[in-house]
Amino acid sequence: MIEGKITRISGPIVFAEGLDACGLYDVVDVGDKKLIGEIIRQNKGNATIQVYEENTGMHIGEKIVCHQRPLSLRLGPGLVGTIYDGIQRPLKSMAEHSGAFLLPGERTEPLDVDKIWHFEALDEIKAGSEIKPGQVLGSVKETESITQKIMVPPLVRGRTLKTFKGSGDYTIDDVIGTTEFDEEIKLSQYWPVREPRPYSDKLEVSEPLITGQRVIDVFFPLSKGGTAAIPGGFGTGKTMTQHAVAKWCDADLIVYIGCGERGNEMTEVLTEFPELIDPRTGRSIMERTILIANTSNMPVAAREVSLYSGITLAEYYRDMGLHVAIMADSTSRWAEALRELSGRMEEMPAEEGFPAYLPTRLASFYERAGRVISLEGQEGSISVIGAVSPPGGDFSEPVTQHTKRFIRCFWALDRALANARHYPAIGWMESYSEYASEVREWWEKNNPLWWQVRMEALELLKKEDKLYQIVRLIGPDALPDSDRLVLNVAEMIKSGFLQQNAFDDVDMYCCSEKQIKILELMIDFYKRALSLIKAGCPLVKVVSLPVFEEIIRIKYSVPNNQLDKISEILNHFNGQFSELESVYGSSEAAV
């Protein structure tokens with residue numbers, strides 16, 4: 001270990017001397033309380049240190065000890081279901097030890113070192129076997145939903161197992177094997193948070209991440225391995241949307257990062273998630289969730305590293321062949337931490353005071369997403385969904401603009417929709433997804449109508465937006481019935497499809513088959529109605545048909561496991577239209 005001393009203090013930034021032999025991003029113990037810090041700049045032995053804990057009362061001359069290793073996470077059984085802060089301190093066990101408030105310098109093990117885990121080794125692995133980095137040696141049942149694969153650490157030099165204990169009950173500190181270089185292999189391993197874990201190959205994305213949210217899955221899909229941003233002003237529903245995606249998406253594991261947001265939002269996650277049932281497994285969603293909490297009242301420096309901690313945890317499970325989804329709430333608060341730290345270091349500011357390297361840091365986070373083949377040859381993915389909180393909902397501010405450079409799915413939250421209590425408030429005019437064409441093949445195998453009804457519905461909404469400009473000037477009564485029909489059907493799509501109730505037991509999650517059936521009925525209603533209007537039928541007779549309201553209510557009236565009820569509505573649909581068609585002579589074929 002190398003020792004130095006503090007020469008200057010500027011908030012969470014500490015300047016020190018005597019650390020010439022230390023490396024960039026080495027972990028240090030700062031001051032008499034041994035606060036956790038990280039060297040972020042070296043200049044002729046004068047080190048700049050980022051302190052991850054509250055350092056009020058620290059004074060010049062206190063000792064600094066460098067551990068000569070980068071800030072790393074301990075990865076192994078026991079991660080799932082745990083809530084950490086940004087530097088992997090388990091908050092629940094620390095609260096049991098010292099109360100509700102974190103004490104400066106307090107440390108506890110990130111994983112339970114006393115818990116016994118049953119390790120089931122692969123039959124072909126034994127002493128003398130050849131190994132390679134990332135190879136799976138066996139597995140541990142971490143929760144009922146997650147089986148953790150125990151892998152050879154990526155940086156192991158040895159290629160032969162000198163010793164191997166095989167199946168049995170071990171703690172995470174027990175050595176289960178050694179290599180010819182006497183490197184120890186345990187159930188747990190360490191990995192630096194700022195360094196991406198290696199993989200064999202990166203693949204093109206092709207499969208959507210099904211979220212159960214209709215506006216996302218149908219209109220603006222996100223692929224497994226993709227990146228998305230949810231920008232929106234205060235109160236537009238960023239956190240609610242992320243919560244909904246985290247609860248219901250078909251990822252194998254969720255990493256939820258509360259980065260600089262209010263504490264009550266993390267409290268909501270902690271109270272709701274244990275009570276929610278995963279629709280795929282029938283188990284608690286917490287059995288496939290890891291939480292990282294760095295709320296707005298916690299040290300700002302730890303906020304900066306929390307995103308890297310979350311992505312490191314995700315990469316660890318990705319290497320096991322799992323599909324992982326990350327919720328980062330919010331990257332704007334993370335960028336504000338960068339801005340404060342940059343100011344403390346007296347760096348030249350760029351636009352709105354943010355550091356000039358903001359785009360580089362954003363890129364280093366989002367580029368760690370993707371669908372890959374691991375070193376072992378297993379396919380896994382990381383999907384990143386980052387919330388952005390532009391001041392006043394101004395999407396032209398730097399964080400939003402730079403984020404758009406590195407993501408391919410943009411779910412823009414609309415203030416007008418949020419004020420109208422339209423949830424999710426994802427605006428269909430500003431939002432976009434570049435993954436739609438890439439997941440089209442998957443959708444057409446599972447539901448061939450996806451692309452067709454999606455494009456027709458989007459076209460109707462675009463027509464409605466153009467007609468709305470005319471309506472504001474001259475009123476709807478001046479429009480012909482065919483254009484007024486567009487307004488009515490667009491309202492049907494908005495109310496009966498795009499709007500979703502997160503508190504309704506039926507509507508909170510919508511399976512992909514139900515999504516397409518609802519939208520298909522709405523598009524067919526428009527086509528049949530348009531044919532009748534062209535044949536001379538008044539619009540009022542069409543929109544007054546009882547089936548108009550029935551279609552809107554399908555989202556509430558038909559549960560996901562009773563989709564055969566839609567056929568009853570379809571019979572009403574055909575019957576009511578057939579009566580009008582017999583009067584006005586429409587030649588439109590029945591649905």
Flag, side chain of E376 to backbone of M320, donor-acceptor distance under 3.5 Å: no
Sidechain N-carboxylate O distance under 4.0 Å for R528, E581: yes
Main-chain N/O of V245 paired to H243 side chain as donor or acceptor, under 3.5 Å: no
Side chains of I290 and T82 in contact at under 4.5 Å (non-hydrogen atoms): no
Partner residues of Q499 under the side chain to side chain donor-acceptor pair (under 3.5 Å) criterion, sequence neighbours left out: none
Candidate pair S330 and S389, rule side-chain hydrogen bond (donor to acceptor under 3.5 Å, both in side chains), full reasoning: CA-CA 7 Å; S330 84; S389 308; 3.3 Å; yes
E144 side chain vs R283 backbone, donor-acceptor pair below 3.5 Å: no
Test item: S431 side-chain N/O and A412 main-chain N/O as donor-acceptor pair under 3.5 Å: yes
Where at least one partner belongs to residues 547-557, residue pairs that pass side-chain hydrogen bond (donor to acceptor under 3.5 Å, both in side chains), sequence neighbours excluded: E550-H572
Where at least one partner belongs to residues 442-452, residue pairs that pass side-chain hydrogen bond (donor to acceptor under 3.5 Å, both in side chains), sequence neighbours excluded: R440-E444
Listed partners of E336 passing salt bridge (charged side-chain N to carboxylate O under 4.0 Å, His left out), at least two apart: R333
Side chain to side chain donor-acceptor pair (under 3.5 Å) against D483, all qualifying residues, sequence neighbours excluded: none
Those residues that, when tested against A529, pass side chain to side chain contact (heavy atoms under 4.5 Å, CB included) (two or more places apart): L485, F525, V542, F577
Pairs involving residues 387-410, ordered by first then second residue, that meet salt bridge (charged side-chain N to carboxylate O under 4.0 Å, His left out) (sequence neighbours left out): R408-E434, R408-E438
Lys/Arg N to Asp/Glu carboxylate O, D507 vs R214, below 4.0 Å: yes
Main-chain N/O of Q148 paired with S139 side-chain donor or acceptor, under 3.5 Å: no
Side chain to side chain donor-acceptor pair (under 3.5 Å) involving Q515 - partner list, sequence neighbours excluded: D217
Closest non-hydrogen atom pair between S482 and I533, with its separation: N-CG2, 4.1 Å
Pairs involving residues 239-248, ordered by first then second residue, that meet salt bridge (charged side-chain N to carboxylate O under 4.0 Å, His left out) (sequence neighbours left out): K247-E272
For K541, all residues meeting side chain to side chain donor-acceptor pair (under 3.5 Å), sequence neighbours excluded: Y584
Inter- and intrachain pairs under salt bridge (charged side-chain N to carboxylate O under 4.0 Å, His left out), touching residues 229-240, at least two apart: none
T143 and E287: CA distance, side-chain angles, deciding distance, side-chain hydrogen bond (donor to acceptor under 3.5 Å, both in side chains) verdict: CA-CA 6 Å; T143 68; E287 291 186 359; 4.6 Å; no
Mutual orientation of the aromatic rings belonging to Y308 and W334 [parallel < 30°, tilted 30-60°, perpendicular > 60°]: perpendicular
side-chain hydrogen bond (donor to acceptor under 3.5 Å, both in side chains) contacts touching residues 458-480 (sequence neighbours left out): E464-K494
Between CG on residue L413 and CD1 on residue I230, distance to nearest 0.5 Å: 6.5 Å
Donor-acceptor contact present, side-chain R454 to main-chain V218, <3.5 Å: yes
